[in-house]
*Asks:* 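After the structure tokens below, expect a handful of questions from me.
Chain A is the first sequence line, chain B the second, and so forth, proteins listed ahead of strands; every chain is numbered from 1. If you're wondering where the values come from, they're calculated on a predicted model, not measured in any experiment. Keep in mind that the numbers below use all heavy atoms, side chains included, and drop hydrogens, waters and symmetry copies.
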Protein chains: 2
Amino acid sequence: MLHKVDDILSKHALRRTAFRQELLKIFIESGSRALSHTDIEEALGDHDRITLYRTLKSFQDKGLIHEAVDGGKDTKYALCQNQCDVHHHIDHHPHFLCESCGVTYCMDEIKIPDFDLPRNYTLKGMHLALSGTCASCSKV
Amino acid sequence: MLHKVDDILSKHALRRTAFRQELLKIFIESGSRALSHTDIEEALGDHDRITLYRTLKSFQDKGLIHEAVDGGKDTKYALCQNQCDVHHHIDHHPHFLCESCGVTYCMDEIKIPDFDLPRNYTLKGMHLALSGTCASCSKV
DNA sequence: TATCTTTATGAAACAATGTTGCATAAAGTA
DNA sequence: TACTTTATGCAACATTGTTTCATAAAGATA
């Protein structure tokens, strides 16, 4: 695991510090679930608030994580799947916020369908934020 | 105008206070442009910050305005077109954030296309947040 | 390994944003 | 008008995010 973590860090030109290794590990373990600031703070245990803000920003800038826009009030972050780097993010999958358990999922397998934009508008970014009840909560 | 404003307020069971009349007027004048907290504060001139927070919440609860999820960091609000009320919001149009001028537009004329959700997920809400260059900024 | 340069960390102080409680004022109602 | 309900304005508080700066650690070089 530490090897995988270090691999990702160096691939994205990020120095391998203890904090970054730990944070990245948390993201990897969370899979397609996006993490809020609070989620991360709990997972980290004792840590420095400011360093977390800065590390999240670095991770985002370098293309390791993306902001999961889910329409909720907390900003959440999730691992990028692959080809994101410092130059561009390609995170065009929907995010689903479960109103029951509060978890946000990256729906990597779903493609956002095409649609027509009014004349003279140029599209660069796109977020589809869904909400409702997730599979686990539906079963109960 | 004041007549129209009062009409809307009473239709949504909101007392007609000077503050609400003024705020609603600002929203009506902004048309399909969504307003950030800052936009509103500037338009209002001298006012009470807390009352603004509370009035925005009332307007939202009663179905006068909706939050325009645009993927940006400032929350923005825009007038609901019609059939929203205290029971439900029906604001399923995309929002477009112009990266050049910072304005967010409600794209009421565009319908968010359908897509398939994984098994056992129930969809309740939906936001399509677009960004890029708006028509006015493209022309320059 | 020892040294140097660059970048990250941690702490304090600050700034911005949003919330709660409460007394007063105003709106709607009889 | 008197009465009831709701909104306003203020203070105090809580939360969230940012800036500055000295120190520590990482990566590079010899």
*Asks:* Do B:T104 side-chain atoms and B:D70 backbone N/O form a donor-acceptor pair below 3.5 Å?
*Replies:*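 No.
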*Asks:* Specify the separation, in whole Å, of atom CG of A:L52 and atom P of D:dT18.
*Replies:*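 Result: 12 Å.
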*Asks:* Closer than 4.0 Å, any side-chain N/O of A:T55 to the OP1 or OP2 of C:dT9?
*Replies:*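 Answer is yes, contact under 4.0 Å.
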*Asks:* For DNA chain C, determine which residues of residues 64-79 of chain A have any heavy atom closer than 4.0 angstrom to one of its atoms, and list them numerically.
*Replies:*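 When residues 64-79 of chain A is checked for heavy atoms under 4.0 Å from DNA chain C, there are no hits whatsoever.
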*Asks:* Find the distance A:L23:CG to C:dG10:C1' and express it as a whole number of Å.
*Replies:*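 Taking atom C1' of C:dG10 as the reference, CG of A:L23 is at 16 Å.
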*Asks:* Whole-Å distance between D:dA7 C1' and B:H47 NE2?
*Replies:*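 Result: 16 Å.
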*Asks:* Roughly how far apart are B:R20 CZ and B:D6 CG, rounded to 0.5 Å?
*Replies:*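 B:R20 atom CZ to B:D6 atom CG measures 12.0 Å (nearest 0.5 Å).
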*Asks:* Without decimals, in angstroms, what is the distance between A:D48 CG and C:dA12 P?
*Replies:*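 That distance rounds to 10 Å.
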*Asks:* In plain terms, say whether A:D7 and A:K11 are close enough for a salt bridge, that is, a side-chain N and a carboxylate O under 4.0 Å apart.
*Replies:*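 Salt bridge: no.
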*Asks:* When the ring centroid of B:H12 is compared with that of B:F59, is the distance short of 6.0 Å?
*Replies:*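 So the answer is no for these two rings.
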*Asks:* Using whole Å, report how far CD of B:E22 lies from P of D:dA7.
*Replies:*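 Interatomic distance, CD of B:E22 to P of D:dA7: 18 Å.
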*Asks:* Please report the distance, rounded to the nearest Å, between CD in A:Q60 and P in D:dG17.
*Replies:*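 Taking CD of A:Q60 and P of D:dG17, I get 12 Å after rounding.
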*Asks:* Just how large is the angle between the end axes of the helix from C:dT1-D:dA30 to C:dA30-D:dT1, five pairs per end, to 10 degrees?
*Replies:*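 For the helix from C:dT1-D:dA30 to C:dA30-D:dT1, the axes at opposite ends meet at about 40°.
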*Asks:* Residues in ring-ring contact (aromatic ring centres under 6.0 Å, His included) with B:H93, at least two apart?
*Replies:*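 ring-ring contact (aromatic ring centres under 6.0 Å, His included) list for B:H93, sorted by chain: B:H66, B:H95.
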*Asks:* In whole angstroms, how far is the C1' atom of C:dA11 from the CZ atom of A:F19?
*Replies:*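 So the CZ-C1' distance, A:F19 to C:dA11, works out to 14 Å.
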*Asks:* Rounded to the nearest Å, what distance is computed from the CG atom of residue B:L9 to the P atom of nucleotide D:dT6?
*Replies:*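 After rounding, the reported distance stands at 16 Å.
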*Asks:* Kindly indicate whether the side chain of A:D74, heavy atoms from C-beta on, has any atom under 4.5 Å from the side chain of A:H37.
*Replies:*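 When only atoms from C-beta onward are counted, A:H37 and A:D74 do not touch, as no gap falls below 4.5 Å.
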*Asks:* Please tabulate, for side-chain N and O atoms in residues 24-31 of chain A, each donor-acceptor pair with protein atoms closer than 3.5 Å (sequence neighbours left out).
*Replies:*
unit_1: A:S30; atom_1: OG; unit_2: A:F27; atom_2: O; d: 2.8
unit_1: A:S30; atom_1: OG; unit_2: A:R33; atom_2: O; d: 3.1

*Asks:* State, yes or no, whether a side-chain contact exists between B:Y53 and B:R49 at a heavy-atom distance under 4.5 Å.
*Replies:*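 Yes, at least one pair of side-chain atoms sits under 4.5 Å.
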*Asks:* Could I get the full list of side chain to side chain contact (heavy atoms under 4.5 Å, CB included) partners for B:K124, not counting sequence neighbours?
*Replies:*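 Side chain to side chain contact (heavy atoms under 4.5 Å, CB included) check on B:K124 returns A:E99, A:T133.
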*Asks:* Protein within reach of the bases, or only the backbone? For nucleotides 19-30 of chain C, mark each nucleotide 5' to 3' as B, S or -, using heavy atoms under 4.0 Å.
*Replies:* BBB----BBS--
*Asks:* For residues A:L44 and A:F19, determine if any side-chain heavy atom of one lies less than 4.5 Å from a side-chain heavy atom of the other.
*Replies:*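 Heavy-atom side-chain distance check passes, below 4.5 Å.
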*Asks:* Specify the residue among A:S58 and B:H37 whose closest nucleotide of DNA chain C lies further upstream toward the 5′ end.
*Replies:*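 Closer to the 5' end of DNA chain C: A:S58.
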*Asks:* Which word best sums up how the rings of A:Y121 and B:F96 line up, parallel for under 30°, tilted for 30 to 60°, or perpendicular for over 60°?
*Replies:*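 A:Y121 vs B:F96 ring planes: perpendicular.
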